[in-house]
2 protein chains.
Amino acid sequence: MTDYKLDDQIGFVLRRVNQRHLAIFSQLLPELTPTQFAALAKLIEVVEVSQNELGRLIAMDAATIKGVVDRLARRGLLEARRNPNDSRRKLLRASSEGKVLYENVVATALRISEKTMDPLSTGEKVQFLGLLKRLW
Amino acid sequence: MTDYKLDDQIGFVLRRVNQRHLAIFSQLLPELTPTQFAALAKLIEVVEVSQNELGRLIAMDAATIKGVVDRLARRGLLEARRNPNDSRRKLLRASSEGKVLYENVVATALRISEKTMDPLSTGEKVQFLGLLKRLW
DNA sequence: AATATATTGTTTGTGTGCAAATGAAGTTTG
DNA sequence: CAAACTTCATTTGCACACAAACAATATATT
């Protein structure tokens, strides 16, 4: 008879912390989902990429990034064109609306991260993020 | 111009760590999803509960727990009956198959938690889980 | 007892997230 | 050059996850 405590398992706690983070995110930045914001932020950073490559940069598989890109495109936040040298590739760029939105909300995105970690002291935040990153 | 590094944001790192955890889980315990295992484990712990109450115990909303319970019931891992005193309520219990499966995999579930935190030392694991829990 | 309020489970709609299969288009190899 | 392979985007199918609306049923208030 093994003693198993659900509340002590990292997977379960991870899920709950993520729930809290999602709630904070959608309250402070209801215009975009965390996923959509990540895609937009990365797209602005790299200027132009293909769809699958963008997915790889933010750890989304081909099926997932397709949906995210479609939703951003439908709202006019990014633009797609075909790569003339490789007609399989769909090259993506943030539109000017996308850039404006990003500039308007990036400070809020930072506040979301802060608020999520608010229960921790400054030192603990650094420590926690360091440990968390090692679990990639 | 705010300096925003996606890879340093807790939400993004949380998502990646969760991805890694999910991959470990489905490799070591492909019979159940983490969600289904959580529902089964909690159900065995509390013996009998209504569907929505079970959802509350493991932080799943009514729509989500319904799907999870339906899938477990379809596989015969739990049984449902109507509460005679309150005919709205669907009372759930783990079936004997459900209990057997749980006993057979609970040790594996513990190994999954261990493996997820493997990159950390013993002291760091305790420390990390403590900090993580404070972010509920 | 009649009305108002709350809760239970269900359904619909939207958005991730992954596996597996597919056709089109490149690249590598014999 | 042709066959084998790889990659790109797409589609389908399944599993969470939450919001909002709903009917049925309980409970509380007057």
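Every chain is numbered from 1 and lettered A, B, ... according to where its sequence line falls, protein lines coming before strand lines. Atom set for the values below is all heavy atoms of this structure, side chains included, hydrogens, waters and symmetry mates excluded. Just so we're clear, the structure is a prediction, and the values are computed from it rather than from any experiment.
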Taken to the nearest whole Å, CD1/B/Ile65 to C1'/D/dA15 is 13 Å
### Message
For A/Arg111, is the CZ atom crowded, meaning more than 12 foreign heavy atoms sit under 6.0 Å from it?
### Response
no
Quick note, salt bridge (Lys or Arg N to Asp or Glu O under 4.0 Å) partners involving residues 33-43 of chain B, not counting sequence neighbours, are B/Lys42-B/Glu45
Atom CD1 of B/Ile58 and atom C1' of D/dC16 are separated, to the nearest Å, by 12 Å
- Any side-chain heavy atom of B/Leu32 within less than 4.5 Å of one from B/Leu77? yes
Protein heavy-atom contacts under 4.0 Å, written 5' to 3' over nucleotides 1-8 of chain D as B (base), S (sugar-phosphate only) or - (none), form the string ------BS
Residue pairs meeting side-chain hydrogen bond (donor to acceptor under 3.5 Å, both in side chains), one or both in residues 23-34 of chain B, sequence neighbours left out, come to none
- prompt: OP1, OP2 of C/dC18 versus side-chain N and O of B/Ser26: anything below 4.0 Å?
  reply: no
When rounded to whole Å, the CG to C1' distance for the pair A/Leu92 and D/dA9 reads 11 Å
note: A/Asn83, atom CG; D/dA9, atom C1'; distance rounded to Å ~ 13 Å
Using OP1 and OP2 only, check whether a side-chain N or O of A/Ser87 sits under 4.0 Å from C/dA24. no
Residue pairs meeting side-chain hydrogen bond (donor to acceptor under 3.5 Å, both in side chains), one or both in residues 83-100 of chain B, sequence neighbours left out, come to B/Glu48-B/Arg93, B/Gln51-B/Lys90, B/Asp86-B/Arg88, B/Asp86-B/Arg89, B/Ser95-B/Glu97
Residues at least two apart in sequence or cross-chain that pass ring-ring contact (aromatic ring centres under 6.0 Å, His included) with B/Phe128, listed by chain then number, are A/Phe128
By salt bridge (Lys or Arg N to Asp or Glu O under 4.0 Å), A/Asp7 pairs with (sequence neighbours left out) none
Sequence neighbours excluded, the answer for salt bridge (Lys or Arg N to Asp or Glu O under 4.0 Å) partners of B/Arg56 is B/Glu53
Under a 4.0 Å heavy-atom criterion, the protein footprint on nucleotides 11-17 of chain C, written with B, S and -, is B---SBB
note: A/Ile24, atom CD1; D/dC18, atom P; distance rounded to Å ~ 14 Å
Contacts satisfying side-chain hydrogen bond (donor to acceptor under 3.5 Å, both in side chains) that involve residues 114-125 of chain A (not counting sequence neighbours) are A/Glu114-A/Lys125, A/Ser121-A/Glu124, A/Glu124-B/Arg134
Between CG of B/Asn85 and P of C/dT7 the distance, given in whole Å, is 19 Å
